[in-house]
Amino acid sequence: AKKSFEKSFLLNNKYLPALNNLTRVYFSLNENEKCMQSAIAAIELGPDEYICKLNHALALSINGKINTGIKILEKFKEENKTDDLFNQLALMYEVSGNIKKSNQYLLESFKLNQHNYAMLVKLMDNNVITDKELNYNLEDIFKENQFDTLVEKSNLARCLYISYNRKKNYKLAGEYLVKSNKLRDQVLKYEIKKDEYFIGKIIENFDNKKITIQTQKLNKKITPIFIVGMPRSGTTLTEQILASHSEVHGGGELDYVRNSLEIDGVYNLSKKQTDQIIAKLMKLNNDEWDKIGNKYLDNLGKINLNNKKYITDKMPHNFMMCGIINKMLPHAKIIYCYRDPMDNCFSLYRNTFAKSGHGYSYDQDKLALHYNLHTELMNHWRSVLGEKILLLKNESLIDNQKEVTNKLLKHCELEWEDACLEFYKTERNVRTISLRQVRNPINKNSLGVWKKYSESLKKMNDSLREFQ
């Protein structure tokens with residue numbers, strides 16, 4: 001979608017619909033600078049257009065001005081009562097930590113479109129509404145099978161998973177969760193062999209000799225802290241702890257590694273894309289590595305509004321690039337988060353992600369293989385980088401919060417601050433699925449939850465390998 005909208009805009013840079021679509025794509029990908037540029041360009045073309053103003057508010061929200069974005073949307077709501085407007089307000093309030101307001105606007109959005117099953121999933125998952133409050137029966141609609149898309153049917157199946165889960169009928173809940181994910185997998189058709197090929201090539205080509213640091217001419221005013229690991233492994237919690245320190249700015253999920261290297265991505269790549277990336281990285285000389293490192297640091301500087309010494313980057317799949325990160329930024333700190341394999345994979349399996357993100361997570365075989373590939377790669381990086389990577393097990397943090405937090409701060413060369421223990425009091429924007437959890441103290445609520453649905457998850461449980 002991104003490439004097609006960019007192409008449309010290049011063909012006619014005065015075509016407002018393409019520009020507005022491009023703004024939304026950049027927003028969904030969290031490409032903040034491009035999102036703002038296209039939003040401003042759209043405003044200039046259509047200063048009185050509602051959609052241009054709405055998209056400008058969205059661009060502001062991912063450029064450090066979320067409160068300004070909220071104010072703009074709050075002004076719109078009286079004249080433009082649309083489900084999209086209320087949904088965007090709900091998301092902004094949720095990101096900024098105002099859960100009560102977020103739930104209020106989620107409900108307002110749903111009232112305007114009561115067959116928006118994606119919205120209903122969120123409302124039911126957050127205990128804002130139950131199926132008893134609906135004016136239709138979820139199971140009847142599912143059996144009628146009158147859906148415009150498979151994604152719509154998948155979302156309704158997920159609503160039934162949540163409903164039966166609330167009723168403690170875990171057998172039926174598990175069955176509907178499997179149905180929901182099978183439908184989504186049919187849409188995405190994720191090719192897991194692509195990841196197998198990419199990771200194999202990374203391990204084959206990047207050993208101790210290849211990532212040896214020769215010379216570095218970097219602007220080291222900022223020290224990046226990379227928090228890597230599988231999604232849902234504890235990366236958001238780890239970032240929230242560090243962002244509670246007075247010397248640290250929580251950057252969130254930054255796309256700066258890929259951007260600085262000028263590569264297509266780090267997973268779901270074709271064989272041709274992988275070969276091109278590997279060939280490109282292998283050819284880089286020391287001066288080019290310096291240039292890439294400084295480009296990354298320049299990007300960090302743009303979001304470092306309070307001139308902090310450290311900035312976190314918690315893009316989880318940067319685990320693919322640990323050795324490359326060390327090559328381009330040898331002064332950076334790297335923290336690898338991991339947890340019980342089934343807890344981690346079930347947390348992925350029970351959630352949905354934007355667009356085609358983490359498409360491997362809707363099929364148990366693909367998810368297990370992706371997890372095992374990640375384990376294989378992290379064992380490789382550990383052998384190459386040694387103590388450069390801090391291994392942070394989620395269960396250890398839960399059981400020994402102060403001890404593990406102290407170890408985390410020492411690895412980053414940070415002094416102890418009590419605020420890191422009360423991370424849930426830190427006010428900052430969080431844009432991940434875990435954004436509600438990190439507003440609360442550490443707890444054991446998510447440990448072993450998958451066991452309730454073990455009958456439906458046997459295939460995955462039999463396949464997973466633990467990181468040791």
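Positions are given from 1 along the sequence. Computed from a predicted structure; not experimentally measured.
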If you apply the rule salt bridge (charged side-chain N to carboxylate O under 4.0 Å, His left out), what do you find for Asp185 with Lys366, and how did you get there? CA-CA 10 Å; Asp185 185 57; Lys366 294 174 186 178; 3.0 Å; yes
Side chains of Pro224 and Leu300, heavy atoms from C-beta outward: is any pair under 4.5 Å? yes
Go through the side-chain N and O atoms of Asn304 and His249 and say whether any donor and acceptor fall under 3.5 Å apart. no
Kindly indicate whether the side chain of Ile263, heavy atoms from C-beta on, has any atom under 4.5 Å from the side chain of Leu269. no
Decide salt bridge (charged side-chain N to carboxylate O under 4.0 Å, His left out) for Lys122 and Asp125; before the verdict, give the C-alpha distance in whole Å, the side-chain angles of both, and the deciding distance to 0.1 Å. CA-CA 5 Å; Lys122 194 160 190 178; Asp125 212 21; over 6 Å; no
Side chain Lys280, main chain Leu261, donor-acceptor under 3.5 Å: yes
To the nearest 0.5 Å, what is the distance between OG (Ser361) and CG (Asn351)? 8.5 Å
Using 0.5 Å steps for rounding, measure from the NE2 atom of His56 to the SG atom of Cys35. 9.5 Å
Can you check side chain to side chain donor-acceptor pair (under 3.5 Å) on Tyr93 and Lys100, steps first, answer last? CA-CA 8 Å; Tyr93 275 119; Lys100 186 177 179 181; over 6 Å; no
Quick one: do Asp462 and Lys458 make a salt bridge, cutoff under 4.0 Å? yes
A quick test of your reading: do over 12 heavy atoms of other residues, nucleotides or ligands sit less than 6.0 Å from NZ of Lys309? no
Are His358 and His317 close enough that their ring centres sit under 6.0 Å apart? yes
Could you tell me whether a side-chain N or O of Asn63 sits under 3.5 Å from a main-chain N or O of Ala59, the two making a donor and an acceptor? yes
Can you tell whether the side chains of Lys314 and Glu253 come within less than 4.0 Å, N to carboxylate O? yes
Kindly say whether Asn285 contributes a backbone atom to a donor-acceptor pair with the side chain of Glu288 at under 3.5 angstrom? yes
Verify whether one side chain among Glu94 and Tyr105 offers a donor that lies under 3.5 Å from an acceptor in the other. no
May I ask you to say whether Glu413 pairs ionically with Lys410, meaning some side-chain N is under 4.0 Å from a carboxylate O? no
Taking every non-hydrogen atom, the tightest pair across Tyr362 and Thr352: OH-CA, 3.5 Å
Checking salt bridge (charged side-chain N to carboxylate O under 4.0 Å, His left out) for the pair Asp84/Arg24: CA distance, chi angles, key distance, verdict? CA-CA 12 Å; Asp84 182 44; Arg24 281 296 181 107; 2.7 Å; yes
What distance separates Cys345 SG from Arg232 CZ, expressed to the nearest 0.5 Å? 12.0 Å
With a 3.5 Å distance limit and no angle check, can you tell me whether Asn306 reaches the backbone of Lys308 through a side-chain donor-acceptor pair? no
Begin with the C-alpha distance, continue with both residues' side-chain angles, and end with the deciding distance and a verdict on side chain to side chain contact (heavy atoms under 4.5 Å, CB included) for Leu408 and Val404. CA-CA 6 Å; Leu408 173 63; Val404 175; 5.5 Å; no
Determine whether Met36 and Thr23 satisfy the following criterion, side chain to side chain contact (heavy atoms under 4.5 Å, CB included), listing intermediate values before the conclusion. CA-CA 8 Å; Met36 182 58 80; Thr23 303; over 6 Å; no
Counting C-beta onward and ignoring hydrogens, is there a side-chain heavy-atom pair between Met124 and Thr130 closer than 4.5 Å? no
For the residue pair Trp416 / Asp418, report whether a side-chain donor-acceptor contact shorter than 3.5 Å exists. yes
Report the relative orientation of the aromatic rings in Tyr190 and Tyr360; use parallel for angles under 30°, tilted for 30 to 60°, perpendicular for over 60°. perpendicular
For the NZ atom on Lys407, are there more than 12 heavy atoms of other groups (residues, nucleotides or ligands in this structure) within a distance under 6.0 Å? no
Using a strict cut-off of less than 4.0 Å between a Lys/Arg side-chain nitrogen and an Asp/Glu carboxylate oxygen, indicate whether Lys71 and Glu74 qualify as a salt bridge. no
In terms of heavy-atom contacts, does NZ of Lys295 have more than 12 from other residues, nucleotides or ligands at under 6.0 Å? yes
Taking the ring centre of each residue, are Tyr453 and Phe346 less than 6.0 Å apart? yes
Applying salt bridge (charged side-chain N to carboxylate O under 4.0 Å, His left out), run through Glu466 and Lys393 and close with a yes or a no. CA-CA 12 Å; Glu466 190 166 3; Lys393 190 172 185 178; 3.8 Å; yes
Under a 3.5 Å cutoff, is there a donor and acceptor pairing between the side chains of Glu417 and Ser246? yes
Is the shortest heavy-atom distance from the side chain of Asn318 to the side chain of Leu254 under 4.5 Å? no
Carboxylate-amine/guanidinium contact Lys444 Asp399, below 4.0 Å: yes
Using a 4.5 Å cut-off on heavy atoms from C-beta on, say whether the side chain of Leu107 contacts that of Phe86. no
Distance only, no hydrogens: is a donor on one side chain within 3.5 Å (strictly under) of an acceptor on the other, for Asn181 and Arg350? no
Which pair of non-hydrogen atoms, one from Val178 and one from Gln364, has the smallest distance, and what is that distance? CG2-NE2, 4.0 Å
Between Leu22 and Lys34, is there a side-chain heavy-atom distance shorter than 4.5 Å? no
Return yes if a side-chain donor-acceptor contact under 3.5 Å exists between Arg382 and Tyr336, otherwise no. no
Return the CD1 to CD1 distance between Ile335 and Ile227, rounded to the nearest 0.5 Å. 5.0 Å
Min side-chain heavy-atom separation Met230-Arg339 under 4.5 Å: no
Is a side-chain donor or acceptor of Asp343 paired with a backbone partner of Gly448 at a separation under 3.5 angstrom? yes
Under 6.0 Å from the NZ atom of Lys77, do we count more than 12 heavy atoms belonging to anything else shown? yes
Run the side chain to side chain contact (heavy atoms under 4.5 Å, CB included) test on Asn155 and Ser180 for me, step by step, so that the C-alpha distance in whole Å, both residues' side-chain angles and the decisive distance to 0.1 Å come before the verdict. CA-CA 7 Å; Asn155 287 329; Ser180 173; 6.0 Å; no
Whether the side chain of Asn461 engages the backbone of Leu457 through a donor-acceptor N/O pair (distance < 3.5 Å, no angle test) should be reported. no
Among residues at least two apart in sequence or on other chains, which ones pass side chain to side chain contact (heavy atoms under 4.5 Å, CB included) with Lys201? Tyr197, Glu204, Asn205, Thr274, Asp275, Ile278
Within 6.0 Å of CD in Glu191, more than 12 heavy atoms from elsewhere: no
Under 6.0 Å between the ring centres of Tyr338 and Phe319? no
Does atom NZ (Lys221) have a neighbourhood of more than 12 heavy atoms from anything else shown, all under 6.0 Å? no
Answer yes or no: is there a side-chain heavy-atom contact under 4.5 Å between Ser270 and Gln273? yes
How long is the span from the CE atom in Met460 to the CG atom in Leu348, to the nearest 0.5 Å? 8.5 Å
Distance from Ile225 atom CD1 to Tyr310 atom OH, nearest 0.5 Å? 7.0 Å
Between Asn394 and Ser233, is a side chain to side chain contact (heavy atoms under 4.5 Å, CB included) present by the stated rule, with each step listed? CA-CA 7 Å; Asn394 189 57; Ser233 63; over 6 Å; no
